[in-house]
Amino acid sequence: MPRINPLSTVGLLVGTLFFAFSLTPSLIPRPFVFQGILGGLSFTAGYAIGTGLAGLWRYLQLPRYTGPGRRVLRWGVAIACALVAALFIWDAPGWQDSVRRQMGMAPVEGVQPLGVAALSVLVFTAALLFARLFRQTFRFLSGRLQRFIPVRVAHLVGTLAAVVIFWGVLDGVLLKMALRAADNSYQQVDALIEADQERPQVPVRTGSPISAVDWEDLGHQGRSFVTSGPKAEDLKAFFGAPTPTPIRVYVGLNAAETPKARARLALEELRRTGAFERSVLILATPTGTGWVDPGAVAAVEYLHRGDTATVTAQYSYLPSPLALMLEGDYGVETARALFEAVYGHWRELPKDERPELYLHGLSLGALNSDRSFDLYDVIQDPFDGVLWSGPPFRSATWRTVTQRRDPDSPAWLPEFREGEVVRFMNQYSDLSNAEAPWGPFRIAFLQYASDPITFFSPSIFYRRPDWLQPPRGPDVSPELRWYPVVTGLQLAADIAAGGAPPGYGHSYAVGDYVDAWRGLTGPQGWDARGIARLKAHLKRQQLTEQVQ
């Protein structure tokens, strides 16, 4: 019967600490399934670090305890680890409630400690079996090689060979199968035409009978985009006066073969619909699936009483994380092609006749929108501004401005050179709190301090982030603490879990978009009472759409 190797004592100690830390609060509430997976991964990371340190200690031939009480010590450590884990699991719901209170959510229902513990054990067991299978493979290959080459060389070659074998299986077989299945699944969803979706009949919407883009080629998100949002009758009912239907142009991934061809098609649609005769033109970059936040677009359409046009082009039907990994360059290429086509035509128009031109993007859309233009190409004739919401940490402009912020401003709401060009806002502030006047070219960031997509960074695994320095964001739990490795895993779990209510995390509220667009574009004829009425109206619409 094969001998089962005992677990490392030091590994158990460090692993238990990491598991316990993983139960503490992070930026958004975590369902117990995500908490269980996070706990297992945190325990695995701690166990690996502890085992590695113990191995290094032995390799350096430092003193080790080998007395008669060694077995008793092992059992004592195991019992202590179990007690620490049980204590932290018991306190976990209270920590989660501290996050939920910040977001106005109800307390956790049910403790579910056994579910968290069981799932964590399963994740750790799977990781441990994988690691031991790798070690057995290495030992087998190294043992065979030692017949022909020196021992240390055999160990090195055996390790490299085992890595190649495992990587080939994981990346070449399992990962490709999973990605192929995901690609087929999302492609089918993208092609799905829902029964209640009717082709738009108004000529200012892409997919209408006179549109150059076929209804079927819009994709799932494109069809949703052009059929939703306010029409002339909706705006008339709200304002009590005739208003035009906002123009919405969307070019799906299947509408043309290349990004440049889709950009030319989008420009053709803009010219056909009279978009350059409107007062405001929005160039929106979608997320990975081709989704554009409906609240962001509806807010600016109401603020400017329908005298707007919004254009976007799809570059993927995969979720943003997969699109970023597999089609990152293609997303940038599409965003740049659309910008060059639209901006190139816009700059040729007389300055007193062309619309105000703004860029917008949420999440991955903000990242690709940031990469769609070069400041040196537009400096002679700049467009009017941008609104980027929930920008990922990889966004170059966001990262640079945040790092170079004014010394007295927090990382979660920076102030940059007194707000002359760049301004930040969140759900508790707007874009008007700046010392200097806002210039003709404006960059606005809408971000929440509790957004893990914005504030995750690889450096968080080994360094305390600036956004945790006091004062911290008002929507961040006061009980959140930074722990090496674990906090990075927590934020990764937050990104995967999502689930924050509108106005927190990565879920941007339509009311905040109203304040952002109002501050950026300066629409006329609005007072505090009118803005409050608009926010209430859009919130009711959003809730109605969610119920449907």
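We number each residue from 1, following the sequence as shown. These values consider heavy atoms only, across backbone and side chains, with no hydrogens, waters or symmetry-generated copies.
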Tell me if a side-chain donor or acceptor on [X] pairs with a main-chain N or O of [Y] at a distance below 3.5 Å.
X    : Y    : result
H360 : L387 : yes
S395 : P392 : yes
R205 : V226 : yes
T312 : A284 : yes
R442 : L520 : yes
R278 : D307 : no
Q524 : G522 : yes
W482 : I460 : yes
R371 : N368 : no
S372 : S369 : yes

With D515 via salt bridge (Lys or Arg N to Asp or Glu O under 4.0 Å) - residues at least two apart: K535

Qualifying residues under salt bridge (Lys or Arg N to Asp or Glu O under 4.0 Å), relative to R336, sequence neighbours excluded: E340

side-chain hydrogen bond (donor to acceptor under 3.5 Å, both in side chains) involving N426 - partner list, sequence neighbours excluded: S429

Any residue meeting side-chain hydrogen bond (donor to acceptor under 3.5 Å, both in side chains) with Q102, in chain and number order, not counting sequence neighbours: none

Any donor-acceptor N or O pair under 3.5 Å, side chains [X], [Y]:
X    : Y    : value
D494 : S26  : yes
D293 : Y513 : yes
S363 : T287 : no

For a quick test of reading the model, state the closest non-hydrogen atom pair linking [X] to [Y] and the distance between them.
X    : Y    : answer
A396 : D370 : N-OD2, 3.3 Å
M105 : P29  : SD-CG, 3.8 Å
R423 : A436 : NH2-O, 2.9 Å
S507 : P501 : CB-O, 3.7 Å
T24  : Q490 : O-NE2, 2.9 Å
A444 : W438 : CB-CH2, 4.0 Å

Any side-chain heavy atom of [X] within less than 4.5 Å of one from [Y]?
X    : Y    : answer
W398 : W388 : no
E356 : S279 : no
L480 : R472 : yes
Y448 : D512 : yes
L362 : H506 : yes
L283 : Y343 : no
P286 : Q221 : no
I28  : Y504 : no

Stepwise side chain to side chain donor-acceptor pair (under 3.5 Å) check, Y508 with D451: CA-CA 10 Å; Y508 286 84; D451 189 342; 2.7 Å; yes

Output a table of donor-acceptor pairs, distance under 3.5 Å, between side-chain atoms of residues 238-250 and any protein atom two or more places apart or on a different chain; print 'none' if there are none.
from: T245; atom 1: OG1; to: A232; atom 2: N; distance (Å): 3.0
from: R248; atom 1: NE; to: E301; atom 2: OE2; distance (Å): 3.0
from: R248; atom 1: NH1; to: F225; atom 2: O; distance (Å): 2.8
from: R248; atom 1: NH1; to: S228; atom 2: O; distance (Å): 3.4
from: R248; atom 1: NH1; to: S228; atom 2: OG; distance (Å): 3.2
from: R248; atom 1: NH2; to: E301; atom 2: OE1; distance (Å): 3.0
from: Y250; atom 1: OH; to: G290; atom 2: O; distance (Å): 2.7

Nearest 0.5 angstrom please: [X] [atom1] to [Y] [atom2], how far?
X    : Y    : atom1 : atom2 : answer
T521 : I282 : OG1   : CD1   : 7.5 Å
L27  : T487 : CG    : OG1   : 9.5 Å
L218 : R223 : CG    : CZ    : 6.5 Å
F424 : L431 : CZ    : CG    : 10.5 Å
K351 : W346 : NZ    : CH2   : 8.0 Å

Candidate pair T206 and V251, rule side-chain contact (heavy atoms from CB on, under 4.5 Å), full reasoning: CA-CA 8 Å; T206 301; V251 178; 5.7 Å; no

Stepwise side-chain contact (heavy atoms from CB on, under 4.5 Å) test for L281 and V342: CA-CA 10 Å; L281 173 59; V342 175; 3.9 Å; yes

Electrostatic pair R354:D381 at N-O distance under 4.0 angstrom: yes

Test side-chain contact (heavy atoms from CB on, under 4.5 Å) applied to E268 and R271, step by step: CA-CA 5 Å; E268 180 182 339; R271 299 178 68 177; over 6 Å; no

Set of side-chain contact (heavy atoms from CB on, under 4.5 Å) partners for D234, sequence neighbours left out: P230, K231, Y302

F445/F416 under ring-ring contact (aromatic ring centres under 6.0 Å, His included): CA gap, chis, key distance, verdict: CA-CA 12 Å; F445 287 102; F416 182 73; 10.0 Å; no

Steps toward side-chain contact (heavy atoms from CB on, under 4.5 Å) verdict (F339, T285): CA-CA 10 Å; F339 174 80; T285 303; over 6 Å; no

Step-by-step salt bridge (charged side-chain N to carboxylate O under 4.0 Å, His left out) determination, R272 to E269: CA-CA 5 Å; R272 179 190 66 79; E269 279 288 280; 2.9 Å; yes

Whether F461 and F456 hold their rings parallel, tilted or perpendicular, with breakpoints at 30° and 60°: perpendicular

Ring centres under 6.0 angstrom apart (H304, W517): no

